[in-house]
2 protein chains.
Amino acid sequence: MGLAKTEIFSDQQNAIASFSKAFGHPARVAILQHLFKLDTCVCGDLVSEIGLAQPTISQHLKELKLLGLIKGNVEGTSVCYCINIEKWQEMKEILNSFLNQDLTSQGDCC
Amino acid sequence: MGLAKTEIFSDQQNAIASFSKAFGHPARVAILQHLFKLDTCVCGDLVSEIGLAQPTISQHLKELKLLGLIKGNVEGTSVCYCINIEKWQEMKEILNSFLNQDLTSQGDCC
DNA sequence: ACTATTAATCGTAATATTGCAATATACAAA
DNA sequence: TTTGTATATTGCAATATTACGATTAATAGT
């Protein structure tokens, strides 16, 4: 079917999955790393930076924007993107609650 | 095409994407949370715990096992799964290097 | 107005993912 | 050896994702 049965999972589980899915493609990872590295609005050089066609990058940016992880601003003929730091923090807290789970017993039962 | 051009990205970017992809489905999140909660080998109750059919759960388990995040042991007629804590730590370090990036300038240029 | 530049959208092809019914496999108990 | 129980595999249908060429939209400069 190709569509996840989100209704049988908690909001938290679905949120973890949504953010993780966004990071589930190396192009989106690369885009976000580039935005962090430049540490300012990035206008236009994403296509040349990542090695994918312009419509493909645009599509990946759209997904990240939809999730709220990045913000875009029209600046003349180009569009400037940057990290939405508030949303990034929010995402980090949600993901960390999942990643930082601990095994009280030092496991290794298998 | 539906297939990511992994060859144009770094190993680190691809690793981040692979682990994130694994967490990109709420069923796999739920499975991992359950394994952490029980804190021991889980034999068999995953199908009743999560609300999906047995072949579907089996498939999700297979993916997590392939990545090394869980270990499975045959125990009589059933199979016991638990978190592979070493791999989990390794994954956490890789993901944290991505999640904990900082903007030196407090951004908000957009 | 015309042209160039940049980014979004549309359309489409190739492939991946999700989910499950049916079946197979593996083992334990009777 | 048969029967039951638990899990894996196969096959398939529905949908999603990835990628890009072609086109459109929007603006800047001439």
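Lettering follows sequence order; numbering is per chain, from 1.
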Notebook entry, point to check: Strictly by modelled atom types, are A:N84 and A:K65 linked by a side-chain donor-acceptor pair under 3.5 Å?
Noted result: no
Checklist line | Which residue lies more 5' along DNA chain D, comparing A:E75 with A:H25 via nearest heavy atoms | finding: A:H25
Next item on the list: Can you run down the ring pair (Phe, Tyr, Trp, His ring centres under 6.0 Å) pairs that involve residues 36-78 of chain A, sequence neighbours left out, and say none if there aren't any?
Entry: A:H25-A:H60, A:F36-A:W88
Margin query: Starting from B:I8, can I reach A:I57 by hopping between I/L/V/M/F/W/Y residues whose side chains sit under 4.5 Å apart?
Written below: yes
Notebook entry, point to check: Could you state the CG-P distance from B:N73 to D:dT7, rounded to the nearest angstrom?
Noted result: 13 Å
Check: Any donor-acceptor pair under 3.5 Å linking the side chain of A:T56 with the backbone of A:L52?
Finding: no
Next item on the list: Figure out the CG/P separation between A:L52 and D:dT17, and round it to whole Å.
Entry: 17 Å
Check: With sequence neighbours excluded, what pairs up with B:Q33 under the side-chain contact (heavy atoms from CB on, under 4.5 Å) test?
Finding: A:Q12, A:Q13, A:I16, A:F98, A:Q101, B:V29
Check: In terms of hydrophobic clustering (I, L, V, M, F, W, Y; side-chain heavy atoms under 4.5 Å; direct or indirect links), are A:V74 and A:V42 co-clustered?
Finding: yes
Checklist line | Protein-to-nucleotide contact annotation, 5' to 3' order, nucleotides 1-14 of chain C [B base; S sugar-phosphate only; - none; under 4.0 Å, heavy atom] | finding: -----SBBB---BB
Notebook entry, point to check: Taking only side-chain nitrogens and oxygens of A:K21, does any of them come within less than 4.0 Å of OP1 or OP2 of D:dA16?
Noted result: no
Check: How many Å lie between CD1 on B:I8 and P on D:dT18, as a whole number?
Finding: 13 Å
Next item on the list: Calculate the interatomic distance between B:H60 atom NE2 and D:dA8 atom P; express it in whole Å.
Entry: 13 Å
Next item on the list: For A:L46 and D:dA19, give me the distance from atom CG to atom P, rounded to whole Å.
Entry: 15 Å
